[in-house]
Protein chains: 2
Amino acid sequence: MTVLQNIKLAVDAVVFGYTSKEGLSVLLIKRKVAPFEKTWALPGGLVRDHESLEEAVERELKEETGISINYLEQLYTFGQPQRDPRNRVVSVAYYGLVKPDAFEIKANTDASDAAWFNVENLPPLAFDHRDILQQAIKRLQGKIIYEPIGFELLDKRFPFSELEKLYQTVLGRPLDRRNFKKKILKFGFLEETTEKQQLEGAGRPGNLYQFNEKKYFQLKKEGINFEL
Amino acid sequence: MTVLQNIKLAVDAVVFGYTSKEGLSVLLIKRKVAPFEKTWALPGGLVRDHESLEEAVERELKEETGISINYLEQLYTFGQPQRDPRNRVVSVAYYGLVKPDAFEIKANTDASDAAWFNVENLPPLAFDHRDILQQAIKRLQGKIIYEPIGFELLDKRFPFSELEKLYQTVLGRPLDRRNFKKKILKFGFLEETTEKQQLEGAGRPGNLYQFNEKKYFQLKKEGINFEL
DNA sequence: GCAATTCACGTAAATATTACGCAAATAATT
DNA sequence: AATTATTTGCGTAATATTTACGTGAATTGC
């Protein structure tokens, strides 16, 4: 039995950025063509015949937003028959994380039709992109408590309180400063540097920390068990 | 820019069954056509234009194995360009769980070219189905410790030791009988019945337990937190 | 009846989590 | 230049959870 199939395959990307000022943000593009013309949407597009799904995501991100990603993971595949009003399009959604520098650059070059939006304050989105985004946020929340992906969202060196704020914003609940620090340090994938924080206001300046990749990957293999 | 796309979309299913005698098994079919003719493979096939991905999985399962599934969840989408030697085929993999009765039936009707294989003793598999299966097992292990999906693999009523054995087989490590029971019962989604276990050997017969769906779904909404 | 097996229930010790206290270092304020 | 507000660093006591294991009861097989 031969089946004539007329389904298009696309990828979409939910790219998260974070700064302590602006909180958790997501990269969106404004659509130029129908359907949903001039509506904000997740970056993405059709997969080419000879590229992998990851290559497709990275290519589309570069084309549409110019951003370079340092963490990318498959989220879920959205395949409801009516999610695109024209044809059947099944989309493999990915989520990615970028460091603040990439974030800042994009926020300044306002030329393009790509922009960051705080996840608490989103515009109407095309297609089922709202669902995809919601699911990505849930996944991020789930992931961050058992794998320290938070580091992919912070600068190379950061004061401990930055990490704490990040966790609080992503999880949407307060954490005890002292217990959080103890718990995280216990794992041993963080190194204290001798460098001190550049202050932006009052308060005792804290030491900067950095991620010890070697220990992290070792722990990841053994299986980390967070719980915050 | 129009892209002419020539990618086929398929679904594959990793269906797990469990009995305390046989352990954790997986449902496979023997391929009738090239490539990988006469090789064992996961049930699956191309998605039709107007059906959802879940409908496609359920249809293929019915067609190829006659089995009815009571738990189905998307696993991952496998999209490497060369995974099918003929054309580009991207496959959305699902994993499912079936109760022992379905399992038994299939194990007896040896007529078809579908069969159960213990996960410890698998034949060579077609395409990248070995990878898919490995990933499904990992997912099952991850899932079972923070959501009691084990119930989808057991009879309606079961002695407590059955649940314990199931967890030990899936996780591949021993669990303390008494602590396991305390931990599970604490959640309150299990009900003790007055019925006693039918013995198959020596030993004091245990009470049968059953799953309290209402409490389970309530807990699921609140967010369960296992850890065994 | 006696050994072997499995179930039921319990408890002590070790670990982990939670909820805070307080001094030190800095900026802002008076 | 003293005082206040803010934030870091380092604790510790109380509570909760996990882990390890003991003992008696109910059954089958010999």
Side-chain angles (χ1 to χ4, degrees), chain A residues 19-21 144-146 148 150 154-155 157-169 171 173-210 219 222-228, chain B residues 19-21 144-146 148 150 154-155 157-169 171 173-210 219 222-228:
Chain A
T19 57
S20 52
K21 271 185 213 162
I144 207 170
I145 61 173
Y146 80 94
L154 296 176
D155 283 318
R157 297 178 164 199
F158 50 87
F160 210 93
S161 53
E162 277 297 293
L163 187 65
E164 187 205 329
K165 276 181 216 154
L166 167 62
Y167 269 80
Q168 293 189 138
T169 3
L171 296 177
R173 61 185 162 96
L175 295 169
D176 183 89
R177 183 172 53 87
R178 295 149 292 189
N179 293 338
F180 176 76
K181 191 172 178 181
K182 266 183 286 187
K183 188 142 199 172
I184 296 289
L185 287 182
K186 208 175 46 180
F187 290 107
F189 50 68
L190 264 190
E191 286 172 347
E192 195 169 359
T193 69
T194 52
E195 217 175 325
K196 286 258 179 303
Q197 172 186 17
Q198 295 295 339
L199 282 193
E200 283 162 35
R204 171 173 171 175
N207 286 331
L208 295 186
Y209 285 79
Q210 67 187 20
L219 274 172
E222 296 167 12
I224 305 180
N225 181 359
F226 256 59
E227 294 299 324
L228 298 165
Chain B
T19 57
S20 53
K21 268 186 219 165
I144 207 171
I145 61 172
Y146 79 95
L154 295 176
D155 282 317
R157 295 178 166 198
F158 50 87
F160 210 93
S161 53
E162 277 297 293
L163 187 64
E164 188 205 328
K165 276 180 217 154
L166 167 62
Y167 270 79
Q168 293 190 137
T169 341
L171 296 177
R173 61 184 163 98
L175 294 168
D176 183 89
R177 185 169 50 87
R178 295 149 291 189
N179 293 337
F180 177 76
K181 191 172 178 181
K182 268 183 282 187
K183 188 140 200 173
I184 295 289
L185 286 180
K186 209 175 49 181
F187 291 106
F189 50 68
L190 264 189
E191 285 172 346
E192 194 169 358
T193 69
T194 52
E195 216 174 324
K196 286 258 182 300
Q197 172 188 15
Q198 295 295 339
L199 280 195
E200 284 162 36
R204 173 172 168 176
N207 286 331
L208 296 185
Y209 286 79
Q210 66 189 19
L219 274 173
E222 296 167 14
I224 306 179
N225 181 1
F226 256 58
E227 294 300 324
L228 299 164

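Letters A, B, ... mirror the listed sequences (proteins, then strands); counts begin at 1.
The CG atom of A:L175 sits 16 Å away from the C1' atom of C:dC20 (whole-angstrom rounding). As a whole-Å value, the separation of A:K165 NZ from D:dT6 P is 14 Å. To the nearest angstrom, C1' of D:dC10 lies 17 Å from CD1 of A:I184. Rounded to whole angstrom, the span from the NZ atom of B:K196 across to the C1' atom of D:dT28 amounts to 16 Å. Atom-to-atom, CG of B:L208 to C1' of D:dA26 comes out at 15 Å; the value is rounded to the nearest Å. Distance CZ (A:R178) to C1' (D:dC10): 10 Å, rounded to an integer number of Å. B:Q198 has its CD atom 17 Å from the P atom of C:dT6, to the nearest Å. In this entry the distance linking CZ of A:R204 with P of C:dT26 reads 8 Å, nearest Å.
Considering only side-chain atoms of B:A202, the nucleotide from C:dC7, D:dT28, C:dA8 that sits closest is D:dT28. Closest to the B:N179 side chain, of the nucleotides D:dC21, C:dT5, C:dT26, is D:dC21.
Within 4.0 Å (heavy atoms only), B:K186 reaches sugar-phosphate atoms of the nucleic acid but no base atom. Among the heavy atoms of the strands lying under 4.0 Å from B:D176 is at least one base atom, whether or not backbone atoms are also near. The residue A:K182 sits close to a base: some heavy atom pair falls under 4.0 Å.
Side-chain N/O atoms of A:N207 include one lying less than 4.0 angstrom from OP1 or OP2 on D:dG9. Taking 4.0 angstrom as the limit, A:K181 places a side-chain polar atom (N or O) nearer than this to OP1 or OP2 of D:dG9.
With values rounded to the nearest 0.5 angstrom, A:K196 atom NZ is found 7.5 Å from A:R204 atom CZ.
Looking at heavy atoms from C-beta onward, A:L163 lies out of side-chain contact with A:Y209 at the 4.5 angstrom threshold.
Comparing A:G206 and B:G201, the nucleotide of DNA chain D nearest to each residue sits closer to the 5' end for A:G206. Heavy-atom nearest nucleotides on DNA chain D were determined for A:F160 and for B:K183, and the one closer to the 5' end corresponds to A:F160.
Between the side chain of A:D176 and the main chain of A:R178, a donor-acceptor pair closer than 3.5 Å is present. Panel note: side chain B:Q197, backbone B:P205; no donor-acceptor pair is recorded below 3.5 Å.
Side chains of B:S20 and B:E162: a donor-acceptor N/O pair is present below 3.5 angstrom, by distance only.
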